[in-house]
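Structure, as structure tokens:
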Amino acid sequence: MKNLKISVLAIIATVSFTSCSSDDDNLVPVNEEEVITTLTATFTPQGGGTAIVLQSQDLDGDGPDAPVITVSGDFTAGTTYTGTVAFLNELANPVDIISEEVLEEGDEHQIFFLQNGLGTFTYNDQDVNGNPIGLSFTYEASETVTNGDLTIVLRHEPNKTADGVSNGDITNAGGGTDASATFSINVN
Amino acid sequence: MRFYILLLFAVIATGNSAYSQSTLSGKVTDSKSQPLDGSHIHIGELHAISTPLGTYELHNIPNGQQRVVISYIGYTTLDTIIHFNGSTVRLNAILKPASTQLQEVVLSEATRVSKSAVVKQDVKLITLEKYSSATLGDALKEIPGVYSLKTGNSIVKPVINGLHSSRVPVLVNNVRLEDQQWGTEHAPNLDINSAGKVSVIKGASALQYGGDAIGGLILVEPVSVLKDTLYGRSILSLNSNGRGGSFTSSLHKGAEKGWAWNAGGTFKYFGDREAPNYVLSNTGNHEGNFSGDVKYIGDTYDLSASYSFYNATIGIASATHIGSTADLANAINSGTPYITNPFTYTIGAPKQEIQHHLGKLNFNTQLNPFSTLSLQYAFQLNHRKEFDIRRGDFKDQAALDLTLITNSLQADWKYEKDNNTLKSGISFSMQDNEASPETGIRPLIPNYTRQDVGAYAIAAHRFSNSFSAEAGLRYDFSHMDADKFYQKSRWTSLGYEEEFDNFIVADYGSQWLTNPKFTFHNISASLGIKKILSTNWELFANAGLAMRNPNPSELFSDGLHHSNGTIELGSLRTKKEESYKLSTTLVKHGNTFSFEVTPYANFISNFIFLKPTGAEYTIRGSFPVYNYVQADALLTGIDFHSDLYLGEHLKHSLNLAYVYGTNRDTDEPLIDMPPLNIANTIRYSFNDRHNSFAELRSEAVFTQNRYPNYNFYADVPQNGELVPVLVDVSTPPPGYHLLHFSTGTEFDLGKTKASVNLSVNNIFNTTYRDYLNRQRLYTDEAGRNFMLQIKLNY
């Protein structure tokens with residue numbers, strides 16, 4: 001019986017010892033530092049004039065609220081624009097500029113401009129392998145008046161050497177989509 | 001049989017006599033000096049039965065050499081030769097248990113029915129060894145009615161009669177494994193090589209292990225040696241597919257009394273698996289495990305301590321990495337992975353890194369000749385890290401980092417006398433889950449603590465030599481206290497405002513800190529009968545009530561599940577599941593033909609499942625939203641197994657399983673039900689002294705035609721435009737047929753027994769996908785595999 005008592009005692013002691021340490025002392029809300037909340041494309045006319053800004057902003061990240069899409073104005077037919085794309089995480093404090101990471105890891109990212117008949121997009125930047133990234137680009141607006149959708153897609157780890165990808169064709173790119181926003185565009 | 005026959009006896013001749021006939025007398029006891037009442041002692045035509053004190057006498061024995069046999073059901077028979085010369089010979093026999101202690105069913109040779117009415121199906125050590133370099137889930141597929149839910153090749157969860165995960169608890173060495181089984185891509189965290197025997201109980205009829213086994217129970221028992229000996233085993237398995245293998249080695253020191261111990265370890269190392277047409281990039285796995293125990297066996301008690309450690313890194317196919325539903329649509333429609341890299345052993349993201357520690361103290365004591373008491377304390381620490389493909393500073397940071405600590409204490413009492421068995425016990429457990437905030441991703445599973453208390457009583461009675469019944473009742477209390485951050489927008493969209501305002505503790509800007517608390521009181525019950533119909537026929541019938549509380553995933557999930565591109569939403573309103581299961585098993589034993597058939601019906605109310613309910617837009621595009629919902633379900637089906645001996649060399653075995661799952665509220669089929677599957681095995685035994693064999697196995701899995709249509713549309717870029725494309729996540733892949741071959745032989749190397757097995761899996765390198773593999777939307781299954789296995793017993 002003595003053995004039994006000692007064993008029971010030992011078991012109880014072990015249980016109470018191990019269960020004391022389990023307090024919830026590190027309740028920290030996780031601010032998603034990696035999420036992209038905001039995609040901004042800025043088009044500056046090469047001859048001067050007001051820049052046109054396209055923005056998709058989703059301040060609850062993967063939460064239920066849909067992104068808010070804004071287009072600041074119409075494009076002018078036949079005009080060439082110098083463009084930049086910026087990605088932000090506005091949930092972080094200070095605001096995290098994700099496009100800097102995209103630039104640093106340029107060989108693992110590519111931005112695609114999907115549209116039909118709105119004009120021509122040309123890449124103005126290169127990664128370490130000489131392939132385009134797309135943070136900086138040129139847009140020649142269509143000569144004729146038109147309208148349509150422009151979708152800007154950021155792909156992570158695309159296959160940049162696949163057929164057509166470095167020319168901006170997303171068909172064979174693969175990889176994962178980090179951001180995708182569709183804007184209604186008027187070319188006047 | 002690997003456990004050696006063990007005999008301990010003393011023969012004392014007590015003086016001479018003038019009679020020409022002799023007398024044999026003595027006492028029959030077990031190894032703990034308890035008398036064995038009713039042992040059978042015989043010499044030729046003469047026989048005697050021992051008294052309740054274990055004593056016996058046998059007179060009128062002719063002089064000369066005589067064969068003496070002493071036997072008792074469940075114990076190893078003593079068989080010896082004694083020279084009688086007219087004197088009285090005393091023979092005190094100590095009989096050993098025939099096999100492991102947990103072997104309850106000894107009925108096939110005896111005419112008396114066993115008291116337990118629980119149907120258990122076993123996977124034997126020899127079969128487990130075949131799967132030394134694979135997983136427990138793979139080995140369990142040898143039992144009809146057990147399927148597997150896989151993620152790739154190395155994450156294999158057992159599915160019993162259509163149910164899995166939280167509905168199928170796994171008990172390792174009598175400890176309930178607490179390793180985050182709520183996730184469909186979380187496989188049981190244990191080393192198959194540490195198991196000596198694995199049993200499956202379909203349904204919740206074994207209430208001593210818990211009342212929530214709506215699907216069934218898996219009991220894993222370690223290797224234990226009863227003999228006073230040192231025994232070792234090593235297995236090397238080399239595989240062509242994955243270009244790797246495993247090595248496992250263990251030592252077992254058995255003892256009658258005093259100290260016994262076991263120790264063993266396993267290493268596994270695999271690179272990328274290969275499908276018939278391409279490399280399955282990032283599907284390697286590395287594993288290193290240890291397990292050991294030490295036991296002291298006294299006269300009426302034993303005390304043991306054991307520890308095991310499981311440590312695995314498992315790659316998830318890179319083809320499954322998607323960022324949006326457009327990516328998912330592309331992956332499904334292209335039919336092949338976008339990127340396949342050359343073969344490598346390196347495991348990159350996405351991957352899982354898992355550690356599981358299990359420590360246990362156990363004390364068993366014999367209170368009197370009829371009852372035993374067992375006390376057990378167990379500690380478990382499960383640490384799971386999941387890595388995704390991430391950007392920048394987060395590249396090497398886990399996306400999910402959960403630590404689950406469980407302490408449990410239990411006391412079990414068992415009384416067994418004549419025709420009655422009574423079992424009763426109580427258990428306590430405390431669990432603490434911590435989700436690391438370092439991940440930079442909001443954890444789907446929050447921090448929580450949980451306390452459980454359970455108590456059960458089971459009574460079994462043998463009414464006659466051919467009929468017995470068993471009934472059990474169990475009560476479980478569970479309290480859960482969670483700390484969960486909700487995005488305010490999510491809290492509102494789930495309609496929690498007002499209803500759950502009392503859970504809100506603090507306001508963190510865009511998030512609420514909440515403190516949900518839940519208390520559950522559950523009752524489970526079982527009733528079973530067993531009837532021997534005639535010499536070779538047996539019938540079991542079981543009815544069971546089981547209740548399962550919603551798991552943390554079903555309660556709290558609230559966001560994007562990156563691995564399958566869906567937003568999964570749990571609900572604080574989720575109620576517990578209740579299962580009413582009826583099953584019967586008919587068994588026919590025979591020398592040439594034997595079979596076992598089990599039809600069953602499982603009525604589950606508040607069955608919890610994921611159902612698509614719409615789409616949500618994020619900056620990555622739209623995602624389908626899956627909510628955990630509840631409905632009344634029915635799972636009914638049949639499991640069949642038969643063995644047919646065709647002559648002395650050839651044996652045919654058949655396994656067949658079919659399950660029909662229906663949502664009774666909507667009359668829709670249930671998702672992820674295993675299709676009809678049939679396995680035929682032909683085995684040729686050479687019956688030589690090397691136990692050589694050759695075996696051909698055919699595995700046929702039919703197309704699952706009953707499935708709910710959960711398809712949706714996604715906007716996919718095509719020719720510069722976003723076009724809505726059907727994302728077919730529902731249609732099951734076509735059925736498939738595979739052929740496997742294996743052959744092996746045994747030989748002696750001095751005192752070492754060696755065996756060599758060679759096998760080919762998927763001989764024709766068939767391309768196929770399986771409905772219950774979560775990677776079926778992205779990649780084919782692995783192709784042909786040659787395996788060479790060398791086993792040494794010493």
Side-chain angles (χ1 to χ4, degrees), chain A residues 3-4 7-8 10-11 14-15 18-19 22 24 26-39 56-67 91 98 101-102 104-105 108 112 114-116 149 151 153 155-157 159 162 170-182, chain B residues 298 301 303 321-324 326-327 330 338-339 361 363 365 373 375 377 379 389-394 405 407 409 428 430 432 434 437 439-443 447 449 483 485 487-490 492-493 508-511 513 559-560 567 616-621 623 715 717-722:
Chain A
N3 276 322
L4 175 69
S7 319
V8 172
I11 288 167
T14 323
V15 172
T18 44
S19 55
S22 55
D24 299 310
N26 60 341
L27 287 177
V28 189
V30 173
N31 283 317
E32 305 225 343
E33 295 166 63
E34 201 183 15
V35 80
I36 295 172
T37 60
T38 313
L39 178 161
S56 170
Q57 188 183 43
D58 190 355
L59 291 180
D60 74 342
D62 291 336
D65 295 346
L91 290 173
I98 306 274
E101 286 173 20
V102 173
E104 268 171 41
E105 298 171 359
E108 292 177 8
F112 296 90
L114 314 178
Q115 45 86 26
N116 227 341
D149 284 345
T151 303
V153 178
R155 278 278 168 93
H156 191 198
E157 301 202 338
N159 181 6
I170 199 168
T171 312
N172 299 316
T177 303
D178 274 0
S180 171
T182 300
Chain B
Y301 69 95
L303 186 62
H321 171 70
I322 55 162
S324 71
D327 301 347
N330 282 333
Y338 262 101
I339 301 174
L361 289 172
F363 176 72
T365 180
L373 179 70
L375 297 173
Y377 164 72
F379 170 81
I389 296 177
R390 301 179 75 175
R391 210 174 38 234
D393 300 338
F394 292 99
I405 294 174
N407 282 285
L409 190 61
F428 305 91
M430 283 181 291
D432 182 72
E434 195 170 301
T439 57
I441 289 180
R442 300 179 56 259
N447 289 1
T449 58
D483 292 298
F485 287 94
Q487 290 168 303
K488 286 182 176 174
S489 55
R490 180 66 68 201
T492 305
S493 77
Y508 279 83
S510 63
Q511 299 187 44
L513 172 59
L560 189 61
I567 290 171
E616 274 180 14
Y617 287 86
T618 77
I619 201 147
R620 274 185 272 191
F623 288 92
D715 289 335
Q718 281 180 1
N719 303 322
E721 281 178 283
L722 290 181

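Naming convention: chains lettered A, B, ... in sequence-line order (proteins, then strands); numbering from 1 in each chain. What you see is a predicted model, and the numbers here were worked out from it, not measured in a lab.
- By the ring pair (Phe, Tyr, Trp, His ring centres under 6.0 Å) test, F485(B) is found to be paired with Y508(B), residues two or more places apart in sequence or in another chain being considered.
- When V153(A), L39(A), I98(A) are compared by the number of non-hydrogen pairs under 4.5 Å with chain B, I98(A) comes out ahead.
- With respect to chain A, the highest number of heavy-atom pairs below 4.5 Å among G509(B), G440(B), S493(B), S510(B) belongs to G440(B).
- Counting heavy-atom pairs under 4.5 Å between each of Q57(A), R155(A), E104(A) and chain B puts R155(A) at the top.
- Both the backbone and the side chain of S489(B) come within less than 4.5 Å of a heavy atom in chain A.
- Counting heavy-atom pairs under 4.5 Å between each of G63(A), S56(A), G174(A), P29(A) and chain B puts P29(A) at the top.
- Between the Q511(B) side chain and the V30(A) main chain, a donor and an acceptor come within less than 3.5 Å of each other.
- In plain terms, the two heavy atoms of I441(B) and R390(B) that are nearest each other are CG1-NH2, 3.4 Å.
- The parts of I619(B) that come within reach of chain A are both its backbone and its side chain, each placing non-hydrogen atoms under 4.5 angstrom from that chain.
- For E108(A), the side chain to side chain donor-acceptor pair (under 3.5 Å) partners at least two apart in sequence or on another chain are K395(B).
- Counting heavy-atom pairs closer than 4.5 Å to chain B, the top-ranked of the candidates T38(A), L114(A), I170(A), T177(A) is T177(A).
- Heavy atoms from other residues, nucleotides or ligands lying under 6.0 Å from OH of Y617(B) number 12 at most.
- Counting heavy-atom pairs closer than 4.5 Å to chain B, the top residue among N159(A), D58(A), V35(A), L91(A) is D58(A).
- The main-chain N or O of D60(A) is never found under 3.5 Å from a side-chain atom of D65(A) such that the two would form a donor-acceptor pair.
- At least one side-chain heavy atom of I405(B) sits under 4.5 Å from a side-chain heavy atom of F379(B).
- Note: P64(A) leads P64(A), G176(A), A179(A) in heavy-atom pairs under 4.5 Å with chain B.
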